[in-house]
*Asks:* 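Take a look at the following structure, please.
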Amino acid sequence: MMDQELAEMPLEDITPDEEETLDSVPVPSSLVSHLSETAVLLDVDGTLLDLMPTPREVWVPPGLAKTLNRLHKRTGGALAFVSGRSINDLDLIFAPDQFPAVGGHGAEMRLEADADALSTHAPPLDKELKRRLAAIARLSPGILLEDKGYSLALHYRLAPHAEKAIYEAVALIRADLPNAPIEVLPGKAVCEIKHSGFTKASGVRELMTHPPFRGRKPFFIGDDVTDETVFAIMPDLDGLAFSVGRRARGVAGHFDAPSDVREFLAHLLDDERDASLP
């Protein structure tokens with residue numbers, strides 16, 4: 001199944017009541033009354049930051065770092081990225097700032113901004129398997145290979161015509177290695193292959209067992225297919241989920257674009273400040 005098919009849920013699968021709910025952008029004051037009781041969980045690419053032709057071209061818009069630092073402080077440290085990127089990669093993007101994070105689709109975690117990243121017992125991909133998968137990038141100019149250690153991503157935003165060939169090549173490798181413990185993650189102009197057994201959802205579940213996240217009500221914002229595992233577990237954690245750029249089942253609402261998410265996060269701070277005034 002191609003990533004576009006996975007990324008866009010058929011509208012007929014959404015009931016009229018669900019469609020009406022999802023058409024409304026969340027209102028900060030009605031969502032979060034006390035940041036001291038909340039855990040803020042955020043995907044990065046396509047959620048906080050606008051997607052770019054290549055992963056290295058993403059950039060942090062003015063004002064976002066200030067908003068994130070204020071939210072991190074106001075939540076007592078319970079703000080975390082939940083990303084397919086490695087934590088080291090996230091640090092490079094947001095430098096010099098660092099934040100708690102679940103990285104590598106749940107393969108690693110950092111509980112405090114100034115702490116070291118910890119592996120969540122996720123084994124790296126087999127070297128020979130990575131070599132075979134990496135060779136797929138030679139199918140066409142414009143396919144970009146990204147080795148994340150725990151996963152390998154083939155970006156084809158610059159070569160959209162190669163999408164079918166990429167997935168067919170991955171399928172052939174999987175057929176040749178039926179017992180290989182791997183999982184294919186279709187995304188927005190990217191095919192990512194990772195070791196099975198861990199997901200963003202498993203990382204979030206683990207994160208929420210540790211202070212300062214433990215005992216708080218989380219809300220999560222994500223945009224891609226890989227974020228749907230987190231959407232699904234939010235009710236188990238007494239939390240809420242929101243999608244970006246599309247309507248997804250199981251979310252409380254959706255944003256049209258990352259710029260709307262950034263505005264929403266800034267308003268969270270303003271609304272709580274106003275609520276505390278006599």
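FYI, the numbering just counts along the sequence from 1. All values derive from a computational prediction rather than experimental measurement. Hydrogens, waters and symmetry mates play no part in the numbers below; they use all other heavy atoms, side chains included.
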*Asks:* Give the other cluster members for Tyr150, using side-chain heavy-atom distances under 4.5 Å between Ile, Leu, Val, Met, Phe, Trp and Tyr residues; answer none if it is isolated.
*Replies:*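 So far as hydrophobic clustering goes, Tyr150 is joined with Phe198.
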*Asks:* Look at the aromatic rings of Phe264 and Phe242 and report parallel, tilted or perpendicular, splitting at 30° and 60°.
*Replies:*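 If you compare the ring of Phe264 with that of Phe242, the planes turn out tilted.
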*Asks:* Test: salt bridge (charged side-chain N to carboxylate O under 4.0 Å, His left out). Region: residues 53-64. Which pairs qualify, not counting sequence neighbours?
*Replies:*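 Matches after skipping sequence neighbours: Arg56-Asp89.
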*Asks:* Using modelled atom types only, decide if a donor and an acceptor are shared between the side chain of Lys148 and the backbone of Gly104 within a distance under 3.5 Å.
*Replies:*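 Absent.
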*Asks:* Pick from Val230, Ile233, Leu41: which one makes a side chain to side chain contact (heavy atoms under 4.5 Å, CB included) with Lys200?
*Replies:*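 The option that passes is Val230.
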*Asks:* Should Glu168 and Leu139 count as side-chain neighbours, where that means a heavy-atom distance under 4.5 Å?
*Replies:*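 A side-chain contact under 4.5 Å is absent here.
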*Asks:* Show the atom names and distances, to 0.1 Å, of all donor-acceptor pairs under 3.5 Å that link a side chain in residues 215-222 to residues at least two apart or in another chain.
*Replies:*
unit_1 : atom_1 : unit_2 : atom_2 : d
Arg216 : NE     : Pro212 : O      : 2.7
Arg216 : NH1    : Leu35  : O      : 3.2
Arg216 : NH1    : Ser36  : O      : 2.9
Arg216 : NH1    : Thr38  : O      : 2.9
Arg216 : NH1    : Thr75  : O      : 3.0
Arg216 : NH2    : Ser36  : O      : 3.3
Arg216 : NH2    : Thr75  : O      : 2.8

*Asks:* Is there a side-chain contact between Glu146 and Glu192 in this structure, where contact means two heavy atoms from C-beta onward sitting under 4.5 Å apart?
*Replies:*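 No, side chains not in contact.
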*Asks:* What I'd like to find out is whether the side chain of Trp59 reaches to under 4.5 Å of the side chain of Asp50, using heavy atoms alone.
*Replies:*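 Not in contact.
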*Asks:* Asp45 side chain to Pro55 main-chain N or O, any donor-acceptor pair under 3.5 Å?
*Replies:*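 Flag not set: sc Asp45 to bb Pro55 has no pair under 3.5 Å.
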*Asks:* Say whether Ser151 and His105, considering side chains only, have a donor N or O and an acceptor N or O under 3.5 Å apart.
*Replies:*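 The criterion, which ignores hydrogens and geometry beyond distance, is not satisfied for His105 and Ser151.
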*Asks:* Determine whether Tyr156 and Ser140 make a side-chain contact, defined as any pair of heavy atoms from C-beta on separated by less than 4.5 Å.
*Replies:*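 Of all side-chain heavy-atom pairs linking Ser140 with Tyr156, none is under 4.5 Å.
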*Asks:* Could you tell me whether Glu228 and Arg246 have a side-chain N and a carboxylate O separated by less than 4.0 Å?
*Replies:*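 A salt bridge links Glu228 with Arg246.
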*Asks:* Taking the side chain as C-beta and beyond, is there a heavy-atom pair between Cys191 and Val184 under 4.5 Å?
*Replies:*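 Of all side-chain heavy-atom pairs linking Val184 with Cys191, at least one is under 4.5 Å.
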*Asks:* Strictly below 4.0 Å, N to O, side chains only: are Arg110 and Asp91 in salt-bridge contact?
*Replies:*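 Salt bridge: yes.
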*Asks:* Only distances under 3.5 Å count here; give the side-chain donor-acceptor pairs of residues 173-182 to other protein atoms, sequence neighbours excluded, each with its distance to 0.1 Å.
*Replies:*
unit_1 : atom_1 : unit_2 : atom_2 : d
Asp176 : OD2    : Arg132 : NH1    : 3.0
Asp176 : OD2    : Arg132 : NH2    : 3.0

*Asks:* For residues Met234 and Leu240, determine if any side-chain heavy atom of one lies less than 4.5 Å from a side-chain heavy atom of the other.
*Replies:*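 In short, these two side chains do not touch, never coming nearer than 4.5 Å.
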*Asks:* Nearest 0.5 Å, what's the NE2-OG1 distance between His72 and Thr67?
*Replies:*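 Answer rounded to 0.5 Å: 14.5 Å.
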*Asks:* Give the other cluster members for Leu144, using side-chain heavy-atom distances under 4.5 Å between Ile, Leu, Val, Met, Phe, Trp and Tyr residues; answer none if it is isolated.
*Replies:*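 Result for Leu144 is Leu158.
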*Asks:* Tell me every residue that passes side-chain contact (heavy atoms from CB on, under 4.5 Å) with Lys130, counting only those two or more places apart in sequence or in another chain.
*Replies:*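 side-chain contact (heavy atoms from CB on, under 4.5 Å) check on Lys130 returns Leu125, Asp147, Leu152.
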